[in-house]
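Scroll down for the structure; my scribbles are underneath it.
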Amino acid sequence: MAAMSKADVVASLHDVGLSHDGGAHFVLRHVSLTLERGEFVALLGPSGVGKSTLLRVLMGLMHPTEGQTGGSACVADAGAHATRRSRAMVFQDARLLPWRSVLRNVMFGLEGLHLSKSEKIARAQEALRLVGLEDAQDRLPRRLSGGQRQRVGVARALTVDPDLLLMDEPFGALDPITRTSLQEELQRIWQQTHKTVLFVTHDIEEALRLATRVVVLAGGPPAGITGEIVLDMPHRNPDTPAFRTYAARLRAMIAGEPDPGGEAYWRSAEI
Amino acid sequence: MAAMSKADVVASLHDVGLSHDGGAHFVLRHVSLTLERGEFVALLGPSGVGKSTLLRVLMGLMHPTEGQTGGSACVADAGAHATRRSRAMVFQDARLLPWRSVLRNVMFGLEGLHLSKSEKIARAQEALRLVGLEDAQDRLPRRLSGGQRQRVGVARALTVDPDLLLMDEPFGALDPITRTSLQEELQRIWQQTHKTVLFVTHDIEEALRLATRVVVLAGGPPAGITGEIVLDMPHRNPDTPAFRTYAARLRAMIAGEPDPGGEAYWRSAEI
Amino acid sequence: MSVKLSGPARLGLGLAGLVLFFGVWEAAVQSGLLPSGMVPAPSSLGPAWLDEVRGGFWQQAILDSLNHYLLGLLIGSVLGAGLGILCGMLGLLDSLLEGVVRLLRPVPGLAWVPFAILWFGLSTAGATFVIAISVFWINFYAAHSAVRGVDPELYELASAFGHGSFVGRLVKIVLPASAPGIMAGLRTGLGQGWMSVVAAELFGVPGIGARMMQASSLLATDVVVVYMLTMAMLYAITDFLFGFVRKWVLRWQP
Amino acid sequence: MSVKLSGPARLGLGLAGLVLFFGVWEAAVQSGLLPSGMVPAPSSLGPAWLDEVRGGFWQQAILDSLNHYLLGLLIGSVLGAGLGILCGMLGLLDSLLEGVVRLLRPVPGLAWVPFAILWFGLSTAGATFVIAISVFWINFYAAHSAVRGVDPELYELASAFGHGSFVGRLVKIVLPASAPGIMAGLRTGLGQGWMSVVAAELFGVPGIGARMMQASSLLATDVVVVYMLTMAMLYAITDFLFGFVRKWVLRWQP
Amino acid sequence: ADSIRIGYIPVLGSSALFVIDGEGWAKQAGLDVQLVRFTSGPQAIQALVSGRIDGYVAGVLPLLQARAHGVDVKVVATASIEELSVIARGALAEGLKPDSEAGLTPDAVKDIFARFKQGQKRLPRLAAQPAGSVPDTLLRYWLQKQLGFAQVNTVASIVGVDIDAAQQAFLAGAVDGAVLREPALTVVKTRLPDARILASGHSMMPDQPGSVLAIVKPDAPEHKAWAGTLTSLFVRATTLLAQHPDDAVPFVQKALGGGMLNDSVMKTALEHSASRFVSDPARIVESVKQLQEFEVAEGLLRKAEPVEDLFDTGLWQQAKP
Ligand SMILES: Nc1ncnc2c1ncn2[C@@H]1O[C@H](COP(=O)(O)OP(=O)(O)OP(=O)(O)O)[C@@H](O)[C@H]1O
Ligand SMILES: Nc1ncnc2c1ncn2[C@@H]1O[C@H](COP(=O)(O)OP(=O)(O)OP(=O)(O)O)[C@@H](O)[C@H]1O
Ligand SMILES: O=[N+]([O-])[O-]
Ligand SMILES: [Mg+2]
Ligand SMILES: [Mg+2]
């Protein structure tokens, strides 16, 4: 995979450092990351380590204090006749606009694209159907439960059909059933459309079920990428030893321990 | 356990119904639930089913549209010389006061109790230490990451030392390490202080690890309690068959299927 | 939880409050607690009003005042809210104008009267100018602080979904997010406009204010109060009508 | 993302804006674009000011005006914000007062002047009354709408942690949560107070406003502008000082 | 033709305008006259300076300010003389007989002021119009030159307010005395029977100048066209007011009463003033000169200008009855 052509780098960070106070304290430092077309990368790491910050940088919402960003999705946004956007993000808090109905929140990213009104509505409704909220389209955000809000945020990002989809704990507030069904939807969309996905989660099982690669952000401050595993599993069954070994390795890496390698499964099972 | 004396009922709902629009549409209906002293009850259910609503009713923040509430914690709040509160709640959104520092947010529930200033500070700092945020006490909420905010909310509820602790997805935004450590803290506190805990979670494993009883809210609207399992496991190891059987049963119940009983494990493993 | 009152209950209470207010006032005057020379009895207001209506003074005064009120309000609100929004969004412009704003803002409407006469003469234009100026500042500050108060996270959201340009932020985020504040400013301006009507008419432009001052020179306190109440009524009407606009614009609010 | 300017840069830009403003004005007068009878040249303001200072008029006018300004401001702000908070929190009181508020609110400060004369004579008390009334309403509405805007979820939080009583909600939630709005009201009132000074002094109570009107009657536009600027300066000072209070109270804000 | 805008103040001295307007004389003469109301003379000259009005009927002294600011404005006729009186109430009127008007000597008035100061432990407050107005200047002139007080501010405190406010303040008892013109004098005397005249118009200053008709740039062609006509109408109206004051009641009532004054008050006021409606501008030249000198001494004017320049008696000569 490392030998792909340049056009296939959707987004990349080169030795990026980020500080919220102009350089006095760094949250992230020396972070380099390349997202290639079609990858599904899960980002794991302890609370407060800088995962959301990293996503903001990739989304272009923050300029890195040091280092450079690059990649096809990060350079150009959709042109004048575009019907899709190069990047989209699901925020950790749902971040809905309180004055817009659910449908119009989902349509937010479509506005400005070269689509007719009815196409926009159709696309937004399709996205709402994917997240199971087709009946809630006229409600205002404050009438939604926590998980419903989060799903609207997911629909809003899906509907713009981005090359690069950045998701910050999108399924955190969902029950396992809804969660599983959304995971399956996401998986299907990813497989069909060859989107590039960067997915923050705290759920190791979720990461292993979905990702082609897992990146661990830890240490610090400043934090950095302390480990990376390219997953090589044909069947993503949590009850297989391969799955459990990966899970144990990741658990250790998040805790800041060295990667225990393939032997870890048995140790972790003792917990 | 059913044969306890009346004083040991900390909170109860009798045939409660709740509607956000004064009776036109019910979110919950015919919900009866009794929480006995020292119980640790996990509440599971799909997104938008009414879990947060149920907690609000138990907390006395909403009056049921039909039915009654009762129980020792729900009747009387702390008296004039009280140094603790009868109930406390961890909200699904962290719901911190943006104008207060982390420490003063945690002290929020202590204000009005019969404690000296230094005792209050000491108790709040202790709670912050439990959630691993002792170094962040002077920060303002907007300087915290999502998981950090949630932990402040947990500390705020713990610090008032309540009889009844209502927790609405308190560990949802936490990484597994922090999450495990907070689960262990909560378990320890519960064992030492015999608090009664009602814990909303979407994580079946978490419910099985912590709870003495699991209640499933499903169906509807209006939703009701569709199942209940009193857990009988000495060792809470996810890799044991007992654990897996429980997990499969709960998964089915949340999805609205009938309780598959003890045989479920093997079926679920095929997913 | 605060008591939630139904519409009719609110209205009833409001009327009860008014009845109480006028009742206490009348009783105070009748009992001699308030000397009648200093405060007219509410019961004397009706006759005084009828006199004014019969003479045609009341209708004429309202028409005259409405004329410069509406024009001044429109000009002041549009310019004030517009500039307030721009300054709230553009730090550079805000800084550049800050000194001038600080200089001009505290100049009272009344202090502009001499210049209004000099620049616009005694036409309605002079009165309109005085009204517009006072309405301008209210709207400027309301819009400015509403825009400043917009959650910066929403700008992030706008950037993330292709609305990071100035116009995008303005239309998609700033206007709706600051609508409650801007509406509050417009509403305050609506009231301030009526208040400035008196000042604007102080130098002879005919209208309610001029008529009020004329009555006060004869100690016709009943007529003065009739015009005070007339203004209250006109304000209530404008405010009521504006209420519909506001409700519609902010229909998403709880 | 809007441009973030450093403190000195803002100040510099503000000063540049002022220089530009005065420069254009002077040039307009010098070139005859603005007739000098209608607008004084900025360069004539210095000498006019010196004259006023030498005669002691300037200092005296400031002292006189400060006197009723401060008192009126204090009374109006405390009562206005206080009642606004109460009405915002208590639906019942709010409904009861709604009619009376609607009735009295639109009565302009100037319209109270006849009654100020009747009730207080041509005294400082009358001037204080007129100022207090105009400041009152600003604060009332600002506090009222700030309190109404408090996120209801925060009341839930207060109830959950033992602060569900009226006082608990007031102290723990309403005051801090509505502080930005209340502070904005106080600040607006600070300005409104200076504006009312002219109205309050229109009927002969000495001070800046009276002096300004006197100068305008003598066509001394330069002196009028000197007092306009004096007011701007006093407002700037009060606003600046209030800025510290505001910053301290709202130190938690971004 | 463009309309001729004439500023006026709401006092009886402006009655000639109301007669012209009410009788329709202007229209008959082919003039479109528009009346613009001001609340004091100084207020009106602000509009005059910026060319917003073409003519002016109010006190003569504010015109000195206008001329000092380079405006070419000339008095073409007098409207009324000896209009202003000093009226007192309460402690300042104590012991005075209702018909005191003519009989008070300067010493008697000085006594009253002294007694007031002693009894009330404060200075009496007197309401006038803003600085530079006829009432204000004349009041100060009377106190200093006629009564012989060296320093005005040790005798009384003078408040300069609008005509309406002065009347209200006096009626409300917010001031102890006021310098008022008709119809305010009749109004307050009717409302307050114990109000007393401290000084009549004549005793404040013989030939006391009052309201005048002044025209901006009377020699400019666009004004010359109507200046003569207007002056002769004005003179005609003044004569009517002097000879048949009752005929003017409806016009004056319409302009000043606004439905709030009854006809008898207006009639009394007009009859009382009949002898003061004098149109000859020469009558006040001397007294204006004195008052101008006084204003210069007081610092209200920077320097004295030749008073003759203020007057243009030619038009009156052509129009005189
Ligand atoms: N606006 C800000 N100003 C200052 N510090 C901030 C700001 N936002 C975040 N931080 C700090 O930066 C660090 C990284 O925050 P970030 O939100 O990226 O964490 P995270 O990995 O997403 O955590 P979580 O899993 O809890 O959401 C934290 O220590 C946080 O306190
Ligand atoms: N203020 C409100 N007004 C009207 N409907 C509401 C309101 N709050 C919640 N609801 C509705 O009530 C139902 C239950 O909401 P609740 O927040 O209790 O769900 P939940 O079980 O906590 O869901 P989640 O797991 O997503 O947080 C939802 O359908 C929601 O849309
Ligand atoms: O008419 N004046 O008031 O001078
Ligand atoms: Mg985060
Ligand atoms: Mg919930």
Side-chain angles (χ1 to χ4, degrees), chain A residues 20-21 27 44-53 91-94 131-133 136 143-151 168-169 171-182 200-205 217-218 236-240 244 247 250-252 254-256 265 268-271, chain B residues 20-21 27 44-53 91-94 131-133 136 143-151 168-169 171-182 200-205 207 217-218 236-239 244 247 250-252 254-256 265 268-271:
Chain A
H20 283 292
D21 49 11
V27 172
L44 295 176
S47 168
V49 80
K51 301 180 295 299
S52 299
T53 303
F91 289 89
Q92 185 167 7
D93 54 327
V131 299
L133 284 175
R143 302 247 161 215
L144 300 178
S145 76
Q148 288 167 337
R149 288 180 204 186
Q150 219 178 16
R151 283 184 274 158
D168 199 349
E169 299 188 42
F171 304 151
L174 300 178
D175 62 285
I177 306 293
T178 314
R179 189 172 187 139
T180 306
S181 111
L182 283 183
V200 175
T201 179
H202 286 307
D203 184 338
I204 291 175
E205 208 174 288
L217 202 62
R236 305 281 173 122
N237 189 329
D239 296 318
T240 58
R244 304 212 168 192
L250 287 171
R251 213 165 284 136
I254 295 168
Y265 165 54
S268 90
E270 288 157 30
I271 295 171
Chain B
H20 283 294
D21 49 12
V27 171
L44 294 177
S47 168
V49 79
K51 302 180 295 300
S52 299
T53 305
F91 290 88
Q92 185 169 5
D93 54 328
V131 299
L133 284 174
R143 301 249 162 213
L144 300 178
S145 76
Q148 288 166 336
R149 290 180 203 184
Q150 219 179 16
R151 283 184 274 159
D168 199 350
E169 299 187 44
F171 304 151
L174 299 178
D175 62 285
I177 306 292
T178 314
R179 187 172 189 140
T180 306
S181 113
L182 282 183
V200 175
T201 179
H202 286 308
D203 184 338
I204 292 176
E205 206 174 289
L217 203 61
R236 305 281 173 122
N237 190 329
D239 295 318
R244 304 211 168 192
L250 286 172
R251 213 165 283 138
I254 295 168
Y265 166 53
S268 89
E270 287 156 28
I271 297 170

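Letters A, B, ... mirror the listed sequences (proteins, then strands); counts begin at 1. Quick caveat: nothing in here was measured; it's all calculated off a predicted structure. Note that these values count all heavy atoms, side chains included, but never hydrogens, waters or copies made by symmetry.
- Both the backbone and the side chain of Ser47(B) come within contact range of chain A, judged by heavy atoms closer than 4.5 Å.
- For Gln92(B), the side chain to side chain donor-acceptor pair (under 3.5 Å) test picks out Ser52(B), Glu169(B), with sequence neighbours left out.
- Arg143(A) CZ to His20(B) NE2: the interatomic distance, rounded to the nearest 0.5 Å, is 8.5 Å.
- Ranked by non-hydrogen atom pairs under 4.5 Å with chain B, the options Gly146(A), Gly48(A), Pro46(A), Gly147(A) are led by Pro46(A).
- The line from CG of Asp93(A) to CZ of Arg149(B) is 7.5 Å long, rounded to the nearest 0.5 Å.
- Residue Arg179(A): no heavy atom, backbone or side chain, is found under 4.5 Å from chain B.
- Taking Phe171(B) as the reference, Phe199(B) meet the ring-ring contact (aromatic ring centres under 6.0 Å, His included) condition, with sequence neighbours excluded.
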